[in-house]
> 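This is the structure I want to talk about, given as structure tokens.
Scope of the values below: all heavy atoms of this structure, side chains included, with no hydrogens, waters or symmetry mates. No experiment lies behind these values; they were computed from the predicted model shown.
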Amino acid sequence: MSNIQLLRYNIEPGRMDDFIGWWRGLVPIREQYGYRLLFALADRENHQFVWAVEHDLPMEEAEAVYRRAPERDEHWLTNPDVVVSSVVNVVDPIMTAWPGSAG
């Protein structure tokens with residue numbers, strides 16, 4: 001069974017592209033440590049970025065390994081520091097696709 005982490009960020013107005021550019025470099029690092037990206041959405045009007053990843057390990061264990069990764073530390077040196085606030089939770093999947101949709 002996989003574990004899903006939902007990450008919600010409020011981004012400084014006008015800085016979404018800076019964040020997304022930096023975030024794109026983070027995804028392969030997470031994948032290297034066993035995470036699978038489920039989705040990523042930018043709500044530019046409300047300055048919000050929402051994404052979800054899953055991992056086979058319990059999220060607390062997966063995060064402990066990932067946070068010690070030298071690749072992560074190196075990438076964080078380039079962080080544009082535009083996240084105003086964030087909420088990160090482990091969530092339960094209810095439905096993976098809308099009825100009648102592809103996927």
> What distance separates Arg15 CZ from Asp18 CG, expressed to the nearest 0.5 Å?
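Answer rounded to 0.5 Å: 4.5 Å.
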> Would you check, one step at a time, whether the test ring-ring contact (aromatic ring centres under 6.0 Å, His included) holds for Trp51 with Phe39?
CA-CA 5 Å; Trp51 61 305; Phe39 66 82; 9.3 Å; no
> Starting from Leu6, can I reach Val88 by hopping between I/L/V/M/F/W/Y residues whose side chains sit under 4.5 Å apart?
no
> Side-chain contact, heavy-atom cut-off 4.5 Å: Asp43 with Val50?
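Side-chain contact under 4.5 Å: no.
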> Could you walk me through whether Glu71 and Tyr33 pass side chain to side chain donor-acceptor pair (under 3.5 Å), step by step?
CA-CA 10 Å; Glu71 301 89 346; Tyr33 286 87; 2.6 Å; yes
> Do Val27 and Arg30 make a side-chain contact, defined as non-hydrogen atoms from C-beta onward lying under 4.5 Å apart?
no
> Measure across Glu12 and Asp81 and return the closest heavy-atom pair with its distance rounded to 0.1 Å.
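Here Glu12 and Asp81 meet closest at OE2-O, 3.7 Å.
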> Taking side chain as C-beta onward, heavy atoms only, is Val91 less than 4.5 Å from Gln5?
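Answer no - side chains too far apart.
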> Report yes if the side chains of Arg8 and Asn89 come closer than 4.5 Å at any heavy-atom pair, otherwise no.
yes
> Linking I/L/V/M/F/W/Y whenever any side-chain heavy atoms sit under 4.5 Å apart, do Met59 and Leu7 land together?
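Same cluster: Met59 reaches Leu7 through Ile, Leu, Val, Met, Phe, Trp or Tyr contacts under 4.5 Å.
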> Drop me the distance from Ile29's CD1 to Trp76's CH2, to the nearest 0.5 angstrom.
10.5 Å
> Could you pull out the closest heavy-atom pair between Ala52 and Leu37, with the gap in Å?
O-CD1, 3.5 Å
> With the side chain counted from C-beta on, respond yes when Pro93 and Ile4 share a heavy-atom pair under 4.5 Å apart, and no when they do not.
yes
> Does the ring of Tyr66 carry Arg72 above it, NZ/CZ under 6.0 angstrom from centre and within 45° of its axis?
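Positive - Arg72 is close enough to the ring of Tyr66 and near enough to its axis.
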> Using 0.5 Å steps for rounding, measure from the CD atom of Glu63 to the CG atom of Asn3.
11.5 Å
> Are any of the side-chain nitrogens in Asp73 or Arg68 under 4.0 Å away from the carboxylate oxygens of its partner?
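No, no charged N to carboxylate O under 4.0 Å.
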> Taking atom CD of Gln48 and atom OG of Ser85, what is their separation to the nearest 0.5 Å?
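The CD atom of Gln48 sits 8.5 Å away from the OG atom of Ser85.
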> Is a side-chain donor or acceptor of His47 paired with a backbone partner of Tyr9 at a separation under 3.5 angstrom?
no
> With a 4.5 Å limit on heavy-atom distance, are the side chains of Ser2 and His55 in contact?
no
> Once you round to the nearest 0.5 Å, how far does CE of Met16 lie from CZ of Arg44?
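Here the interatomic distance stands at 6.0 Å.
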> Does a side-chain heavy-atom distance below 4.5 Å link Ile11 with Val83?
yes
> Do Val84 and Val82 land in one hydrophobic cluster if side-chain heavy atoms of ILVMFWY residues count as linked below 4.5 Å?
no
> Look at the side chain of Trp22 and the backbone N and O of His75, then say whether any donor-acceptor pair between them is shorter than 3.5 Å.
yes
> How long is the gap from CG on Leu26 to CD1 on Ile20, to the nearest 0.5 Å?
13.5 Å
